[in-house]
**Q** 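This structure is in structure tokens; I'll ask about it shortly.
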Amino acid sequence: MEALKLINLGLRFILEILVLLIIGYWGFLVSQGTLLKFLVGIGLPLLIAVIWGMFGAPKARYLLSGFPFLLLEIVFFGLPFIVLLILEKRTLAFIYGLVAVVNLVLIKIWEK
């Protein structure tokens, strides 16, 4: 069981990286002009990483708990799902969404 928990935590880290990559990819696609592409494609993932690092990461300085933390997780891990749907990547969106939901549920179950 401990091995499964560790695998799930590793998957969680991969999902965190995917959040930033998917948002960055979207930023480069939707923006007009080179400067704006870089600002949105790099700036938005950076902003999201800072917010997650301050409030959601395991060693966050101001780690949220309870409902505020759950809300942050839903927004953080839900954004790529929405972005992939906007980009008409439905299959990827549903695969990502399914993996993210199962990961979150298992983490919540195993925390107790």
Side-chain angles (χ1 to χ4, degrees):
M1 185 62 89
E2 288 303 314
L4 289 176
K5 289 180 184 181
L6 287 174
I7 290 169
N8 198 50
L9 286 175
L11 179 59
R12 169 80 166 215
F13 179 71
I14 292 169
L15 287 170
E16 291 172 1
I17 299 300
L18 279 175
V19 168
L20 303 177
L21 290 173
I22 292 168
I23 299 297
Y25 174 72
W26 171 81
F28 277 103
L29 285 181
V30 299
S31 302
Q32 299 293 326
T34 305
L35 181 61
L36 195 55
K37 284 183 183 293
F38 277 93
L39 285 174
V40 177
I42 294 173
L44 190 56
L46 186 58
L47 175 64
I48 291 170
V50 167
I51 291 169
W52 181 253
M54 288 179 63
F55 302 107
K59 294 184 179 182
R61 185 173 191 140
Y62 308 104
L63 184 61
L64 298 176
S65 62
F67 182 73
F69 180 69
L70 180 61
L71 188 58
L72 177 65
E73 282 182 311
I74 290 170
V75 170
F76 182 78
F77 290 107
L79 276 174
F81 176 77
I82 294 167
V83 165
L84 288 169
L85 287 177
I86 290 169
L87 294 174
E88 297 181 3
K89 308 281 187 196
R90 287 178 177 77
T91 302
L92 287 177
F94 287 106
I95 291 169
Y96 169 84
L98 179 65
V99 171
V101 167
V102 169
N103 178 264
L104 179 62
V105 168
L106 289 176
I107 284 178
K108 297 301 177 192
I109 288 171
W110 289 333
E111 272 182 357
K112 298 177 184 196

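Just so it is clear, the model here is predicted, and its values are computed rather than measured.
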**Q** Starting at CG of Leu20, measure out to CG of Leu79 and round the result to the nearest 0.5 Å.
**A**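 Going from CG on Leu20 over to CG on Leu79, the span is 10.5 Å.
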
**Q** For the residue pair Ile86 and Trp26, what are the closest heavy atoms and their distance?
**A**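 Looking at all heavy atoms of both residues, the shortest contact is CG2-NE1, 4.3 Å.
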
**Q** Answer yes or no: is there a side-chain heavy-atom contact under 4.5 Å between Leu71 and Leu64?
**A**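 Side chain of Leu71 against side chain of Leu64, heavy atoms only: no contact under 4.5 Å found.
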
**Q** Ignoring hydrogens, what is the shortest heavy-atom contact between Arg90 and Leu85? Give both atom names and the distance.
**A**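 Between these two residues, the closest heavy atoms are CG-CD2, 3.9 Å.
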
**Q** Looking only at heavy atoms, which two atoms of Phe76 and Ile48 are closest? And how far apart?
**A**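 Heavy-atom minimum between the residues: CE1-CG2, 3.4 Å.
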
**Q** Do Trp110 and Leu4 pass the side chain to side chain contact (heavy atoms under 4.5 Å, CB included) test, and can you show the C-alpha distance, the side-chain angles, and the key distance before you say yes or no?
**A** CA-CA 10 Å; Trp110 289 333; Leu4 289 176; 3.9 Å; yes

**Q** Which atoms form the tightest heavy-atom contact between Ala93 and Phe81, and what is the distance?
**A**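 Answer, listing the atom of Ala93 first, then Phe81: O-CD1, 3.0 Å.
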
**Q** State plainly whether one hydrophobic cluster holds both Val102 and Ile109, where clusters connect Ile, Leu, Val, Met, Phe, Trp and Tyr through side-chain heavy atoms under 4.5 angstrom apart.
**A**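 In one cluster: yes.
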
**Q** Can you measure from CD1 (Ile7) to CD1 (Ile14) and round to the nearest 0.5 angstrom?
**A**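 The distance works out to 10.5 Å.
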
**Q** Are Leu106 and Leu15 co-members of a hydrophobic cluster defined by side-chain heavy atoms under 4.5 Å apart?
**A**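 In one cluster: no.
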
**Q** Before you tell me yes or no, could you show the steps for Arg12 and Phe77 under side chain to side chain contact (heavy atoms under 4.5 Å, CB included), namely the whole-Å CA-CA distance, both residues' side-chain angles and the distance that decides it to 0.1 Å?
**A** CA-CA 10 Å; Arg12 169 80 166 215; Phe77 290 107; 3.5 Å; yes

**Q** Of all heavy-atom pairs between Ala60 and Met54, which one has the smallest distance, and what is that distance?
**A**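 The pair with the smallest heavy-atom distance is CB-O, 3.3 Å.
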
**Q** Please indicate whether Phe69 has more than 12 foreign heavy atoms, meaning atoms of other residues, nucleotides or ligands, lying under 6.0 Å from its CZ.
**A**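 Correct, the count exceeds 12.
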
**Q** Would you please test Tyr25 and Leu87 for side chain to side chain contact (heavy atoms under 4.5 Å, CB included) and show each step?
**A** CA-CA 10 Å; Tyr25 174 72; Leu87 294 174; 3.8 Å; yes

**Q** If you take all heavy atoms of Pro80 and Ile22, which pair is closest and at what distance?
**A**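 Nearest heavy atoms, Pro80 then Ile22: CB-CD1, 3.8 Å.
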
**Q** What's the separation between atom CD1 in Ile82 and atom CD1 in Ile23, rounded to the nearest 0.5 Å?
**A**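 Nearest 0.5 Å value for the CD1-CD1 distance: 9.0 Å.
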
**Q** May I ask you to decide if Leu84's main-chain N or O and Lys89's side chain share a donor-acceptor pair within less than 3.5 Å?
**A**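 A pair under 3.5 Å: no.
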
